[in-house]
Colleague: 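After the structure tokens below, expect a handful of questions from me.
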Number of protein chains: 2
Amino acid sequence: MTPDLRTLVERLKAVSHPLRLRTLALLASGELCVCQVAEVLEVPLSSASEALRDLRRAGFVTERREGRWVYVSVVPEAGASSLLKGLIEEAGRLPEAAEDLRRARDIRALEVPVVCSRVQGASSRTRKPALP
Amino acid sequence: MTPDLRTLVERLKAVSHPLRLRTLALLASGELCVCQVAEVLEVPLSSASEALRDLRRAGFVTERREGRWVYVSVVPEAGASSLLKGLIEEAGRLPEAAEDLRRARDIRALEVPVVCSRVQGASSRTRKPALP
DNA sequence: TAGTCAATTCGGGAAAAAGCGAAACAACGA
DNA sequence: TCGTTGTTTCGCTTTTTCCCGAATTGACTA
């Protein structure tokens, strides 16, 4: 149950990163698909995908595939680790996280991932206007 | 009171490192001088000093000078951050930490830092026998 | 089967972190 | 003032991490 030093350090490294930490705080509000994460956090899809891969390797998030989409969420037992619970709580208080959550709410309001087609490769700051 | 994203990430980075994490867990058992830390953790003095500098910058430890020695310890308000408290608790359960604590006990049993003269530059695995 | 779209993987250059001996600094004691 | 001794800083190499466009994969659909 108690991890060894290397494992604990790996887990800490996984969250010692602005994007990954924001991602974790974001997912604490509920699952999203990868392209929604990229959209909300305003980063290229590949960056979001890599952030999620690292969080998955560290054991913080799981995925659920549905058609072409991959929905990611915080693993249930995450609450078990008081460490992670405290971290998510602390991260949730960040101003950046609040901002992300607002965008997430808007995006969740839309049907499914309508959003996705907008991203692929381009930073959302330089992308084209919304869809029909 | 709530740190911003960058600060939180810096603090997490500071502990995402085997030596620094062990150092923190070690100091949780009480203050030590820098050379004692180096001795207990079996690393060169410069490595211990740098680890402590990083932990100090992150706000985890303070120093207290006494003559030529610099005693370091976990900052009192550390307990205030439930995050740090949980982390120290978790780190304390590591087998490596237990090992370190045993060595620390032996070293604390000696008078003051008799130990120090043994280290300077050399890893303790390759150092000369004890003093007179 | 071709085309579309979500997601992952790859490539590779730049930046940051690690690690540690050697030199510099600082506080004592003879 | 010299020589010790504890501590910090420097110099430098090696390793790791970051970042993102481009290519690739895989699932669905017309």
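Each chain gets a letter, A, B and so on, in the order the sequences are listed, and its residues count up from 1.
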Colleague: Output the rounded distance in Å from CD (B/E63) to P (D/dG6).
Modeller: 17 Å
Colleague: Check this for me: A/R6, atom CZ, are more than 12 non-hydrogen atoms of other residues, nucleotides or ligands nearer than 6.0 Å?
Modeller: no
Colleague: Between C1' on C/dA7 and CG on A/L32, what's the gap in Å once rounded to a whole number?
Modeller: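 Interatomic distance, CG of A/L32 to C1' of C/dA7: 15 Å.
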Colleague: Over how many whole Å does the gap from B/Y71 atom OH to D/dT8 atom C1' extend?
Modeller: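 Going from OH in B/Y71 over to C1' in D/dT8 covers 18 Å.
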Colleague: What's touching nucleotides 9-13 of chain C from the protein side, N or O pairs under 3.5 Å?
Modeller:
residue	atom	partner	partner atom	Å
C/dC10	N4	A/E50	OE2	2.9

Colleague: Between D/dT8, C/dC28, C/dT8, spot the one nearest the side chain of B/R68, thanks.
Modeller: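 Within the option list, the nearest is C/dC28.
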Colleague: Output the rounded distance in Å from CG (B/L41) to P (D/dT7).
Modeller: 14 Å
Colleague: Which sits closer to the 5' end of DNA chain D, A/E66 or A/S47, going by the nucleotide each is nearest to?
Modeller: A/S47
Colleague: May I have the distance from A/L19 (atom CG) to D/dC19 (atom C1'), rounded to whole angstrom?
Modeller: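 These atoms are roughly 10 Å apart.
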Colleague: Tell me: CZ of B/R65 to P of C/dA26, nearest whole Å?
Modeller: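 About 10 Å, once rounded to whole Å.
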Colleague: Quick check: do A/V9 and B/V15 have side-chain heavy atoms less than 4.5 Å from each other?
Modeller: no
Colleague: Which whole-number value in Å describes the distance from B/L55 CG to C/dA18 P?
Modeller: 11 Å
Colleague: Rounding to a whole Å, what distance do you find between A/L52:CG and C/dT8:P?
Modeller: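 Rounding to the nearest Å, CG of A/L52 and P of C/dT8 are 7 Å apart.
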Colleague: Hey, are B/E42 and B/R103 close enough for a salt bridge, meaning a charged N less than 4.0 Å from a carboxylate O?
Modeller: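 The answer is yes: the pair qualifies as a salt bridge.
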Colleague: Would you say that A/E31 contacts A/V72 through its side chain, given a criterion of any heavy-atom pair below 4.5 Å between the two side chains?
Modeller: no
Colleague: Using side-chain contact (heavy atoms from CB on, under 4.5 Å), reason through A/R11 and A/F60 one step at a time and then give a plain yes or no.
Modeller: CA-CA 8 Å; A/R11 289 167 63 87; A/F60 292 135; 3.4 Å; yes
Colleague: From the set D/dT29, D/dT7, D/dT4, return the single nucleotide nearest to any side-chain atom of B/W69.
Modeller: D/dT7
Colleague: Just to verify, which of B/T23, B/L24, B/D54 counts as forming a side chain to side chain contact (heavy atoms under 4.5 Å, CB included) with B/V61?
Modeller: B/L24
Colleague: Check whether any side-chain heavy atom of A/L83 lies under 4.5 Å from a side-chain heavy atom of B/L83, and answer yes or no.
Modeller: yes
Colleague: Applying side-chain contact (heavy atoms from CB on, under 4.5 Å), run through A/V74 and A/L55 and close with a yes or a no.
Modeller: CA-CA 9 Å; A/V74 180; A/L55 291 173; over 6 Å; no
Colleague: Identify the pairs formed between an N or O of the protein and an N or O of nucleotides 12-18 of chain D at a distance under 3.5 Å, and give each distance.
Modeller:
residue	atom	partner	partner atom	Å
D/dT17	OP1	A/K13	NZ	3.4
D/dC18	OP1	A/R20	NH2	3.2
D/dC18	OP2	A/R20	NH1	3.2

Colleague: Report the C-alpha distance between B/S29 and B/R108 in whole Å, list the side-chain angles of each, state the deciding distance to 0.1 Å, and finish with yes or no for side chain to side chain donor-acceptor pair (under 3.5 Å).
Modeller: CA-CA 11 Å; B/S29 75; B/R108 279 200 248 250; 2.4 Å; yes
